[in-house]
Asker: 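Before anything else, here's the structure in question.
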Amino acid sequence: GAVVSQHPSWVICKSGTSVKIECRSLDFQATTMFWYRQFPKQSLMLMATSNEGSKATYEQGVEKDKFLINHASLTLSTLTVTSAHPEDSSFYICSARDGPQSSYNSPLHFGNGTRLTVT
Amino acid sequence: KNQVEQSPQSLIILEGKNCTLQCNYTVSPFSNLRWYKQDTGRGPVSLTIMTFSENTKSNGRYTATLDADTKQSSLHITASQLSDSASYICVVSVWEGGNKLTFGTGTQLKVEL
């Protein structure tokens, strides 16, 4: 079945540094990928929608200059947390739509998440 | 405001027992409803997806129902196993110039011996 690979699975970084998280669709082309963050015992919160070849669409309250998203190919999207601070520590998850954007029933496959800890 | 509410918030059952999780939504216009299973520290895995015209859909021991009139869905787990311990998330899709998803807060299920 379709697989979405997310890397790294966990990362620890110092405050002020930047961290890049990769999300790859392994056996399908994903014109649209999504990035979420999840705090303990809470549900996923959509941060941004990433469309291949165009700028990402950010949800209200998400700083686009802090969370840089690049979707340069149909199988890869990256999220870079710039100048990370301890409050950015969270579980970041990506998902990829397997099918056209116009199809509302397209399967949505999730990566296994990245645990970011900023010290 | 589009909302998805799940109940109970948490549930503990004995192995082998059945259980039913609830999802109520106020999303409009409704597109589809998905149930996901999320193990701790992992990404969600799809269990079922239903459109407004579907009343029930099964995936092994998981059976989801949908009542689009009352805007309610349930996920029934039969003969629970220890590996069913996870968070179960109801996700409702609204068609607003594209497919937007609204996530429920999940039901944390624990299956014990």
Asker: Do A/Leu108 and A/Met33 sit in the same hydrophobic cluster, where Ile, Leu, Val, Met, Phe, Trp and Tyr count as joined when their side-chain heavy atoms come under 4.5 Å apart?
Answerer: no

Asker: Quick check for you: to the nearest 0.5 Å, what is the distance between B/Arg42 atom CZ and A/Phe110 atom CZ?
Answerer: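 These two atoms lie 14.5 Å from each other.
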
Asker: Can you tell if the side chain of A/Gln42 reaches within under 4.5 Å of the side chain of B/Thr105, non-hydrogen atoms only?
Answerer: no

Asker: Is chain B contacted by the side chain of A/Gln6, its backbone, both, or neither, given a heavy-atom distance below 4.5 Å?
Answerer: neither

Asker: Taking C-beta and beyond as the side chain, do B/Leu101 and A/Leu46 meet within less than 4.5 Å on heavy atoms?
Answerer: no

Asker: Are B/Val45 and A/His109 close enough, and set up right, to give a side chain to side chain contact (heavy atoms under 4.5 Å, CB included), and what steps lead you there?
Answerer: CA-CA 7 Å; B/Val45 174; A/His109 305 289; over 6 Å; no

Asker: Is the backbone N or O of B/Gly104 less than 3.5 Å from a side-chain atom of A/Ser43, with the two atoms forming a donor-acceptor pair by type?
Answerer: yes

Asker: Could you work out, with ring pair (Phe, Tyr, Trp, His ring centres under 6.0 Å) as the rule, every residue matching B/Tyr62, not counting sequence neighbours?
Answerer: none

Asker: Given the rule that I, L, V, M, F, W and Y join up when any side-chain heavy atoms are under 4.5 Å apart, are A/Tyr36 and A/Leu116 in one cluster?
Answerer: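 No.
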
Asker: Just to be sure I understand the criterion: a residue of residues 74-96 of chain A counts if one of its heavy atoms is under 4.5 Å from a heavy atom of chain B. Which ones qualify?
Answerer: A/Phe91, A/Ile93

Asker: Should A/Leu44 and B/Pro44 count as side-chain neighbours, where that means a heavy-atom distance under 4.5 Å?
Answerer: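 A/Leu44 reaches B/Pro44 side chain to side chain.
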
Asker: State whether the number of non-hydrogen atoms from other residues, nucleotides or ligands found under 6.0 Å of B/Lys110 atom NZ is greater than 12.
Answerer: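 Incorrect, the count does not exceed 12.
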
Asker: Spell out, yes or no, whether B/Ile89 and A/Phe34 are grouped together once hydrophobic residues are joined by side-chain heavy atoms under 4.5 Å, including indirect joins.
Answerer: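 Hydrophobic grouping puts B/Ile89 with A/Phe34.
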
Asker: A quick test of your reading: do over 12 heavy atoms of other residues, nucleotides or ligands sit less than 6.0 Å from NZ of B/Lys71?
Answerer: yes

Asker: So what's closer than 4.5 Å to chain A heavy atoms on B/Gln6: side chain, backbone, both or neither?
Answerer: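 The answer is neither part of B/Gln6.
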
Asker: Heavy-atom count check: over 12 atoms from other residues, nucleotides or ligands less than 6.0 Å from B/Glu5 CD?
Answerer: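 Atom CD in B/Glu5 is not packed in, count stays at 12 or less.
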
Asker: Does one hydrophobic cluster hold both B/Val94 and B/Val4, with members joined at side-chain heavy-atom distances below 4.5 Å?
Answerer: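 Linked within one cluster.
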
Asker: Are A/Val118 and A/Val19 joined in one hydrophobic group, where the rule is that I, L, V, M, F, W and Y side chains link up if heavy atoms are under 4.5 Å apart?
Answerer: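 As far as the 4.5 Å side-chain criterion goes, A/Val19 and A/Val118 are connected within one cluster.
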
